[in-house]
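All chains are named by letter (A, B, ...) in the order of the sequence lines, taking the proteins before the strands, and each is independently numbered beginning at 1.
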2 protein chains.
Amino acid sequence: MASRGEQVQANVLVALLAHGKPTSAYKIMRDLQDGQPKIAPPTIYRALAALVEQGKVHRLESLNAFVACQCAHHDHPAILSICDDCGAVEETVAPKLLNQLTRLTKKSGFAAMRHIIEIHGRCASCKNAGAQS
Amino acid sequence: MASRGEQVQANVLVALLAHGKPTSAYKIMRDLQDGQPKIAPPTIYRALAALVEQGKVHRLESLNAFVACQCAHHDHPAILSICDDCGAVEETVAPKLLNQLTRLTKKSGFAAMRHIIEIHGRCASCKNAGAQS
DNA sequence: TGAGTTATGTTATAACATAACATAACAAGC
DNA sequence: GCTTGTTATGTTATGTTATAACATAACTCA
């Protein structure tokens with residue numbers, strides 16, 4: 001049987017998938033409070049930390065928000081493209097580029113452990129929508 | 001004569017330079033409150049926004065903190081290497097790599113406007129310190 | 001079963017950020 | 001030089017994000 005923690009993680013993941021867009025921890029909490037009124041921030045943050053650890057969720061540092069990973073099967077950290085118009089996030093995996101970054105910073109002796117790459121801009125559909133208006 | 005805003009910006013920059021490490025907006029505020037007890041968060045955030053705009057300060061999205069730019073003369077966004085041990089930040093400028101990123105995301109029609117690249121790890125001196133212990 | 005350990009729940013508060021409005025400075029036309 | 005509009009700055013309040021600290025429950029293993 002799933003532990004309580006795993007159950008919360010599953011619920012959080014469902015909530016994130018339902019949104020399909022960057023969602024704050026507190027928004028998720030309010031979602032879950034429909035069925036579990038007393039759930040508190042630390043519970044949400046613990047579940048999110050576990051999901052991020054598992055690679056099932058990405059944390060968006062530049063938005064202080066979270067998205068469900070869209071391509072479950074990769075271990076590589078993702079490059080996240082964030083549309084500032086509609087909020088859509090696209091994941092790109094580019095291990096070579098990450099290696100380049102690691103090598104670049106290694107020149108001064110830096111040992112890279114975790115790469116955060118977030119690119120803000122406009123997605124294809126918002127760009128088109130903007131152009132025609 | 002410098003406007004009030006420019007004065008605050010100068011003071012904030014001095015405080016940031018004095019630290020030489022990532023510093024939160026509230027820490028800066030407490031620093032400035034030595035000479036100006038009533039200064040409030042919006043004043044600090046406005047000054048920081050202006051300094052970031054001018055490229056004199058970088059915002060570290062993954063730390064919710066700020067550092068003074070160490071190489072004043074460039075317009076390119078910097079790649080920031082952050083030591084999780086000592087907090088030191090190193091800036092690297094690599095326009096080619098940013099272009100690669102832009103091209104990569106452009107494949108799906110994304111128009112990149114702002115690149116955020118933060119790499120966590122250990123700097124050379126902390127790595128050495130850790131190895132010899 | 002009971003002692004030790006880990007996971008989870010709960011309360012409280014810390015830390016980060018900005019909305020909303022008030023006031024002051026400045027600039028342009030009268 | 002006044003007054004009117006505009007922009008910059010100050011001020012108050014509050015919203016939002018995140019975690020510390022402690023309590024309780026569940027699990028393990030002798």
Side-chain angles (χ1 to χ4, degrees), chain A residues 1-13 15-16 19 21-54 57-67 80 82 84 87 89 114 116 118 120, chain B residues 1-13 15-16 19 21-54 57-67 80 82 84 87 89 114 116 118 120:
Chain A
M1 171 188 161
S3 71
R4 284 174 294 174
E6 284 163 350
Q7 187 57 55
V8 178
Q9 288 170 39
N11 294 343
V12 167
L13 191 52
L16 275 174
H19 281 99
K21 288 186 180 174
T23 308
S24 80
Y26 275 69
K27 182 80 181 67
I28 295 166
M29 183 175 70
R30 288 190 291 270
D31 290 345
L32 297 203
Q33 280 174 338
D34 277 357
Q36 206 175 341
K38 293 181 63 183
I39 202 165
T43 304
I44 303 295
Y45 280 100
R46 283 167 187 156
L48 286 168
L51 289 164
V52 168
E53 178 80 15
Q54 295 162 40
V57 166
H58 298 292
R59 176 177 182 133
L60 295 155
E61 300 288 351
S62 59
L63 298 178
N64 293 326
F66 301 83
V67 272
L80 300 167
I82 303 161
D84 290 329
V89 173
R114 173 178 164 230
I116 297 165
E118 298 180 9
H120 284 255
Chain B
M1 171 189 165
S3 70
R4 285 173 294 172
E6 284 162 350
Q7 189 56 56
V8 178
Q9 287 170 38
N11 294 343
V12 167
L13 192 53
L16 274 174
H19 281 99
K21 288 186 180 176
T23 307
S24 80
Y26 274 67
K27 182 82 182 66
I28 295 165
M29 182 175 70
R30 287 190 292 270
D31 290 347
L32 297 203
Q33 279 174 339
D34 277 357
Q36 205 175 340
K38 291 181 65 183
I39 201 164
T43 305
I44 303 295
Y45 279 101
R46 283 167 187 156
L48 286 168
L51 290 165
V52 168
E53 179 78 16
Q54 294 163 37
V57 165
H58 298 291
R59 176 179 182 132
L60 295 155
E61 299 288 352
S62 59
L63 297 178
N64 293 326
F66 301 83
V67 273
L80 301 166
I82 303 161
D84 290 329
V89 172
R114 175 180 163 228
I116 298 165
E118 298 180 11
H120 285 256

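- For T43(A), the side chain to side chain contact (heavy atoms under 4.5 Å, CB included) test picks out V8(A), I39(A), with sequence neighbours left out.
- Taking 4.0 Å as the cutoff to heavy atoms of chain A, we find the contact window on DNA chain D bounded by dT17(D) to dA26(D).
- With sequence neighbours left out, the side chain to side chain contact (heavy atoms under 4.5 Å, CB included) criterion links R46(A) to P42(A).
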For a quick test of your reading: what N or O donor-acceptor pairs under 3.5 Å do the side chains of residues 47-54 of chain B make, sequence neighbours left out?
{"residue": "Q54(B)", "atom": "OE1", "partner": "K56(B)", "partner atom": "NZ", "Å": "3.0"}
{"residue": "Q54(B)", "atom": "NE2", "partner": "Q9(B)", "partner atom": "OE1", "Å": "3.0"}
{"residue": "Q54(B)", "atom": "NE2", "partner": "A50(B)", "partner atom": "O", "Å": "3.3"}

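- Against DNA chain C, the stretch residues 34-48 of chain A makes heavy-atom approaches under 4.0 Å through K38(A), A40(A), P42(A), T43(A), R46(A).
- The nearest heavy atom of DNA chain D to Q9(B) and to Y26(B) marks one nucleotide each, and the one closer to the 5' end goes with Q9(B).
- Although no hydrogens or angles enter the test, the distance criterion places no donor-acceptor pair under 3.5 Å between the side chain of E118(B) and the main chain of I82(B).
- Using a 4.5 Å heavy-atom threshold, the side chains of D31(B) and H19(B) count as touching.
- Looking at residues two or more places apart in sequence or on another chain, you find a side chain to side chain contact (heavy atoms under 4.5 Å, CB included) between K21(B) and C86(B).
- Shown here for N64(A) and R59(A), the closest heavy-atom pair between the two residues is OD1-NH2, 3.8 Å.
- Closest non-hydrogen pair, L16(B) versus F66(B), comes out as CD2-O, 3.4 Å.
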